[in-house]
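See structure below.
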Amino acid sequence: MPEPSIRLYRTASGYAIEQEGRVYSGNGRSWDELITRDDLESHLREMIRSGSSGPVHDKLGESGIQAPISSQEVWAAGVTYYRSRDARMEESKSAGGADFYDRVYNAERPELFFKATPNRVVGHRGEVAIRRDANWSVPEPELVLLISPSGKIIGYTIGNDMSSRDIEGENPLYLPQAKVYHRSCALGPCVLVSAEAPARSTEIRLEILRGGASAFSGSVTLGAIKRDFATLVEYLYRDNQFPKGCFLFTGTGIVPPDSFTLQVGDEIRIAIDGIGTLVNFVAMNG
Ligand code: DO4
Ligand code: MG
């Protein structure tokens, strides 16, 4: 019998562990101390078993949930799905993109880029932003790995890699500006604590609501990804150190049509079975 899955939430008062609908309060450890443990899953199971966690509740209040990050860097893999390769080749046609996106999709070395420091990250129900100087912005719904300092995948969460397609399409050297800005990254609502990857049949679903109606929806299964997670982690940790661990986005397989751009007030809903639904609202940076 597989053990029931464990979801870890960072909250205003510390952290909470959810298992089979019951919520156990954390016992005062700092978030960094907790999520740098290679044995995070067995540690949390033991806390529940031994009763060393705090009081038990039936429900977790959504309002107290914070992004599951403290001192970690956020990195991202790109062009790991055919749909992303296709969309980038199209958007960067006049900058020569037909060639370099195809090459990175097929190359042995993956595309890895720096995505965010913790202060650029928003949590569940927070406001992500579109750049003031962009006129073609999209969310990128992605499965995100939580990796310990030693390079072990200890959990999975949901991420939104907000992207300015007109800026990255104009010139690939503008990628950091298209990807890294205030409120360009969302993570949450929790970490599915498990060394075992979600099944390849697991769906990532994106829905964008505008004025209460659906403006776009799409889905992809994890099986459509070209790269395996261990290889992405191995490349990221080559000649790199992450003393507090890190988050790694695994790439998007859902790209809205070229006619679509986000607007202020849109609601972005990204769901991955077994983890939950990350909800964010779109704002403009001031
Ligand atoms: O190469 C540009 C970024 C690709 C990306 O973020 C993705 O495929 O998810
Ligand atoms: Mg991405």
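Atoms considered below: every heavy atom in the structure, side chains included; atoms not considered: hydrogens, waters and symmetry mates. Ligands are counted one by one from 1 in listed order, and the atoms in each one are counted from 1 as well.
- Contact atoms of ligand 1 toward Gly251: 9 (O) (distance under 4.0 Å to a heavy atom of the residue).
- Between Ser194 and Glu41 the shortest heavy-atom distance is CA-OE1, 3.5 Å.
- Where the criterion is an N or O separation shorter than 3.5 Å, residue side chain and backbone included, Thr80 fails it with respect to ligand 1.
- Under a 4.0 Å criterion applied to the non-hydrogen atoms of Asp161, ligand 1 contributes the atoms 6 (O).
- The contact set between ligand 1 and Gly78, taken as ligand atoms under 4.0 Å from a residue heavy atom, comprises 4 (C), 5 (C), 7 (C), 8 (O).
- From Lys244, atom NZ reaches atom OG of Ser148 across 13.0 Å, with rounding to the nearest 0.5 Å.
- The line from NE2 of His43 to CG of Leu34 is 5.5 Å long, rounded to the nearest 0.5 Å.
- Contact atoms of ligand 1 toward Ser84: 7 (C), 8 (O) (distance under 4.0 Å to a heavy atom of the residue).
- At most 12 heavy atoms of other shown residues, nucleotides or ligands fall within 6.0 angstrom of atom CZ in Arg109.
- A ring-centre distance under 6.0 Å is found for Tyr82 and Tyr105.
- Of all the atoms in ligand 1, the ones that sit under 4.0 Å from a non-hydrogen atom of Glu142 are 9 (O).
- Contacts of Leu175 with ligand 1, taken as heavy-atom pairs under 4.0 Å, involve the side chain alone.
- The shortest N or O to N or O distance between Val79 and ligand 1 is under 3.5 Å.
- Of all protein N/O/S atoms, those under 2.8 Å from the Mg ion (ligand 2) are Glu140 OE1, Glu142 OE2, Asp161 OD2, and waters are not counted.
- In terms of heavy atoms, Ile153 sits closest to Leu145 at CD1-CD1, 4.0 Å.
- Contact record, Gly123 with Leu278: C-CD1, 4.4 Å, taken as the closest heavy-atom pair.
- Protein heavy atom nearest atom 5 (C) of ligand 1, with residue, atom name and distance: Arg88 NH2, 3.3 Å.
- Other residues, nucleotides and ligands contribute over 12 non-hydrogen atoms within 6.0 Å of the CZ atom of Phe113.
- A donor-acceptor pair is defined here as one N or O able to donate and one able to accept, closer than 3.5 Å; no such pair exists between the side chain of Trp136 and the backbone of Ser164.
- Proximity of Phe113 to ligand 1 is established by a heavy-atom distance of less than 4.0 Å.
- Of the listed residues (Phe114, Phe247, Tyr237), just one forms a ring-ring contact (aromatic ring centres under 6.0 Å, His included) with Trp75, and that residue is Phe114.
- Looking only at distances, a side-chain donor or acceptor of Arg7 sits under 3.5 Å from a matching main-chain atom of Gly274.
- Judged by the shortest distance from any of its heavy atoms, Lys179 lies inside the 4.0 Å radius around the atoms of ligand 1.
- The shortest separation from a heavy atom of Phe249 to ligand 1 is not under 4.0 Å, leaving the residue out of contact.
- More than 12 heavy atoms of other shown residues, nucleotides or ligands fall within 6.0 angstrom of atom CD in Glu234.
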